[in-house]
Amino acid sequence: MIKVKVLKENDFYKEISITGHANYDTYGKDIVCSSVSSIVITTVNAIISLDKDAINYDDNTGVKIKVLKEDEVTNKLLENMLNLLHELQKDYEKTIKFL
């Protein structure tokens with residue numbers, strides 16, 4: 001199961017961690033994992049392209065995004081990412097869990 005943990009303070013995202021595996025299909029053929037990866041990588045790349053100092057991310061064991069600057073654009077992009085993950089969860093509810 002993919003686990004999404006969100007830390008938010010004063011309407012701003014502070015930290016988001018995404019760990020685990022969907023186990024929807026075998027490794028390399030799992031469309032849920034591929035979708036989650038695409039959503040997260042696209043969001044991280046968009047934020048970095050706008051301001052390379054806005055976030056810090058680590059993708060060694062899952063993905064951990066730490067927000068370094070509170071700004072509306074970064075917050076909206078992260079909110080959009082989480083909304084997309086929630087939509088994916090609706091179709092594959094046994095594979096993604098928000099903590």
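All heavy atoms count here, side chains included; hydrogens, waters and symmetry mates do not.
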Indicate every side-chain donor-acceptor pair of residues 54-64 with a distance under 3.5 Å to a residue at least two apart or in another chain.
{"unit_1": "Asp58", "atom_1": "OD1", "unit_2": "Asn60", "atom_2": "N", "d": "3.0"}
{"unit_1": "Asp58", "atom_1": "OD1", "unit_2": "Asn60", "atom_2": "ND2", "d": "3.1"}

Taking only distance into account, with no hydrogens and no angle test, what donor-acceptor pairs under 3.5 Å do side-chain atoms of residues 92-99 form with protein atoms, sequence neighbours excluded?
{"unit_1": "Thr95", "atom_1": "OG1", "unit_2": "Tyr92", "atom_2": "O", "d": "2.6"}

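Scanning for side-chain contact (heavy atoms from CB on, under 4.5 Å) contacts around Val73 gives Leu50, Asp71, Leu77, with sequence neighbours left out. Every residue two or more places apart in sequence or in another chain that forms a side-chain contact (heavy atoms from CB on, under 4.5 Å) with Glu70 is listed here: Phe12, Lys14. Take Lys8 and apply the salt bridge (Lys or Arg N to Asp or Glu O under 4.0 Å) test, not counting sequence neighbours, and it matches no residue.
Across all their heavy atoms, Val67 and Tyr13 have their closest contact at CG2-O, 3.2 Å. Looking at every heavy atom in both residues, Met81 comes nearest to Ile16 through CE-CD1, 3.8 Å. Of all non-hydrogen atoms in Ile2 and Ala22, the two that sit nearest each other are CG1-N, 3.5 Å.
Cluster membership for Ile41 and Ile31, using ILVMFWY side-chain heavy atoms within less than 4.5 angstrom, is not shared.
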**Q.** From CA spacing to verdict: side-chain contact (heavy atoms from CB on, under 4.5 Å), Val6, Leu82
**A.** CA-CA 9 Å; Val6 179; Leu82 293 170; 3.9 Å; yes

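A heavy-atom distance below 4.5 Å is not found between the side chains of Ile65 and Ile47. In this structure, the side chains of Leu85 and Val36 come closer than 4.5 Å at one or more pairs of heavy atoms.
A side chain to side chain donor-acceptor pair (under 3.5 Å) check over residues 79-91, counting only residues at least two apart or in different chains, returns the pairs Glu87-Lys90. Pairs of residues two or more places apart, or lying in two chains, that qualify as side chain to side chain donor-acceptor pair (under 3.5 Å) and include a residue from residues 29-54 are Asp51-Lys69.
From Asn23, atom CG reaches atom SG of Cys33 across 7.0 Å, with rounding to the nearest 0.5 Å.
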